[in-house]
Amino acid sequence: MRIVLENIKELVQVEDSSVKFKAGKEMSNLRVLKNAYLVMRDGLIEGFGPMRKLNEEKLDNDVLMELDCKGKLVFPSYCDSHTHLVFPNDISFIKKTNEDFADKKLKRGKDIINAAQIMESCSEAELFKMAMVRLHEIGLQGTGAVEIKTGYGLTVESELKMLRVIKKLKNNSPFLIKATFLGAHAVPEKYRTNRQGYVELIIHEMIPQIAAEELADYIDVFCEDGFFTPLEAEQILMAGLKFGLHPKIHANKYGFSGGVQVGLKYNTMSIDHLGHLSKNEISLLKKTEVMPTILPGTAFFLNMPTPPVREMIDSGLPVALASDFNPDSSPSGNMNFMQSLARLNFHMSAEETINAATINAAYAMGVEGICGSICQGKLANVFITKELPGYAAIPYFYGSNLIETAILDGKII
């Protein structure tokens with residue numbers, strides 16, 4: 001059955017399948033079709049074009065729904081390639097944000113460990129119920145594909161529990177979901193004087209069990225001073241690769257960690273955070289197709305220095321945007337707000353933020369072939385705005401709910 005969107009004021013991010021991502025100056029290019037239609041069938045985009053050609057579509061009587069989008073915009077759903085949205089609802093997660101930057105690194109490590117202690121007492125059923133609420137919320141805010149990382153478990157049992165919840169979310173929601181194992185998020189207290197013991201636990205117990213149950217798509221490491229060293233990160237990523245888990249990495253959140261170099265060595269899909277990035281690291285990244293991913297919500301919530309995004313794009317790099325939705329450093333999965341932050345704090349244009357939240361973010365989570373743009377054959381994951389003057393209104397009106405209808409897997413949610 002078909003859904004037909006008619007009289008679309010702007011059909012945004014219209015690209016052909018050959019575009020994997022946009023980099024440098026290309027990030028300022030956003031293909032928009034005005035006064036358009038869009039046809040979706042059986043969960044896929046079937047066709048689109050200017051309204052004058054709609055009658056040429058052979059729709060027959062196989063139309064489930066027609067929606068008049070006069071004055072409204074249609075976007076491909078956002079892809080959020082960095083979240084931790086499986087976590088317990090607990091008042092102890094609520095933090096003050098006026099602490100000194102010098103204290104943040106130590107506090108964040110303790111916050112992760114404290115969250116892991118709360119996670120132990122929460123059942124899979126409880127976690128699933130809470131995560132479904134969050135999924136529905138971000139869906140109504142425009143997100144249609146999401147990568148969910150663990151990292152608030154830090155024990156074999158809790159990390160597996162989180163991954164089983166993510167698998168259940170995959171099977172019981174219309175979202176495209178990727179699961180990432182991030183057991184190397186922080187070193188638990190019991191291993192504080194035996195760091196290698198925890199690395200061995202990850203390598204020899206966690207990863208084999210995760211692979212046996214086919215619970216994860218990717219593996220990630222928080223490579224940062226006070227968390228995991230470049231050598232430890234290499235050990236963990238190599239172990240994951242042996243079990244078919246493609247690597248990703250957190251790097252340079254607090255300083256120059258060596259994580260960028262590890263990420264490049266292991267050809268990670270993305271390198272995330274990048275609060276600090278040297279000219280040499282930018283040059284190294286330009287020689288690869290690794291996606292630099294920035295997390296505006298984290299910098300905002302923790303009042304941290306902003307990454308050199310303008311320099312990255314102007315040098316020719318691509319950039320993806322993600323929310324880092326988590327309980328201790330970025331308690332929001334609103335990708336519209338992330339774009340607003342990127343406009344205000346990172347000096348990105350509206351075109352750049354939209355590209356970063358759609359096609360580039362899809363590439364960062366390995367789904368650019370089926371998500372991230374309006375393209376025939378891609379998933380029918382789109383959203384319809386309220387009546388707006390144009391696409392630049394999305395990052396401009398920060399805090400406003402500008403989305404009227406979200407469609408995932410060809411169905412209104």
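The figures that follow rest on heavy atoms only: side chains count, while hydrogens, waters and symmetry mates do not.
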Parallel, tilted or perpendicular: which describes the rings of Phe337 and Tyr398, with under 30° parallel and over 60° perpendicular? tilted
Plane angle bin for Tyr152 and His185 - parallel if under 30°, tilted between 30 and 60°, otherwise perpendicular: perpendicular
Let me confirm one number: the CD1-OG1 distance from Ile148 to Thr83, rounded to the nearest 0.5 Å. 5.0 Å
dist Lys248:NZ -> Leu237:CG (nearest 0.5 Å) comes out at 12.0 Å
Exercise answer: donor-acceptor pairs, residues 374-390 side-chain atoms, under 3.5 Å, sequence neighbours excluded:
residue : atom : partner : partner atom : Å
Gln376  : NE2  : Glu46   : O            : 2.9
Lys378  : NZ   : Glu368  : O            : 2.9
Lys378  : NZ   : Cys371  : O            : 3.0
Lys378  : NZ   : Ser373  : OG           : 2.7
Asn381  : OD1  : Asp409  : N            : 2.7
Thr385  : OG1  : Leu73   : N            : 3.0
Lys386  : NZ   : Asn401  : O            : 2.8

Arg192 NZ/CZ over Tyr198 ring centroid, <6.0 Å and within 45° of normal: no
Salt bridge (charged side-chain N to carboxylate O under 4.0 Å, His left out) for Asp217 and Lys167? Distances and angles first, verdict last. CA-CA 10 Å; Asp217 302 293; Lys167 186 173 184 177; over 6 Å; no
Got a sec, which pairs hit ring pair (Phe, Tyr, Trp, His ring centres under 6.0 Å) with one end in residues 344-366, sequence neighbours left out? Phe21-Tyr363
By side chain to side chain donor-acceptor pair (under 3.5 Å) - contacts of Asp68 (at least two apart): Asn7
Can you tell me if [X] uses its side chain to pair, donor with acceptor, with the backbone of [Y] under 3.5 Å?
X	Y	value
Thr150	Leu182	yes
Asp220	Ile249	yes
Ser257	Asn252	yes
Arg134	Gly333	no

ring-ring contact (aromatic ring centres under 6.0 Å, His included) for Phe227 and Phe222? Distances and angles first, verdict last. CA-CA 7 Å; Phe227 293 84; Phe222 190 2; 4.3 Å; yes
Charged N to carboxylate O under 4.0 angstrom, [X] versus [Y]?
X	Y	value
Glu159	Lys161	no
Lys72	Glu10	no
Glu15	Lys20	no

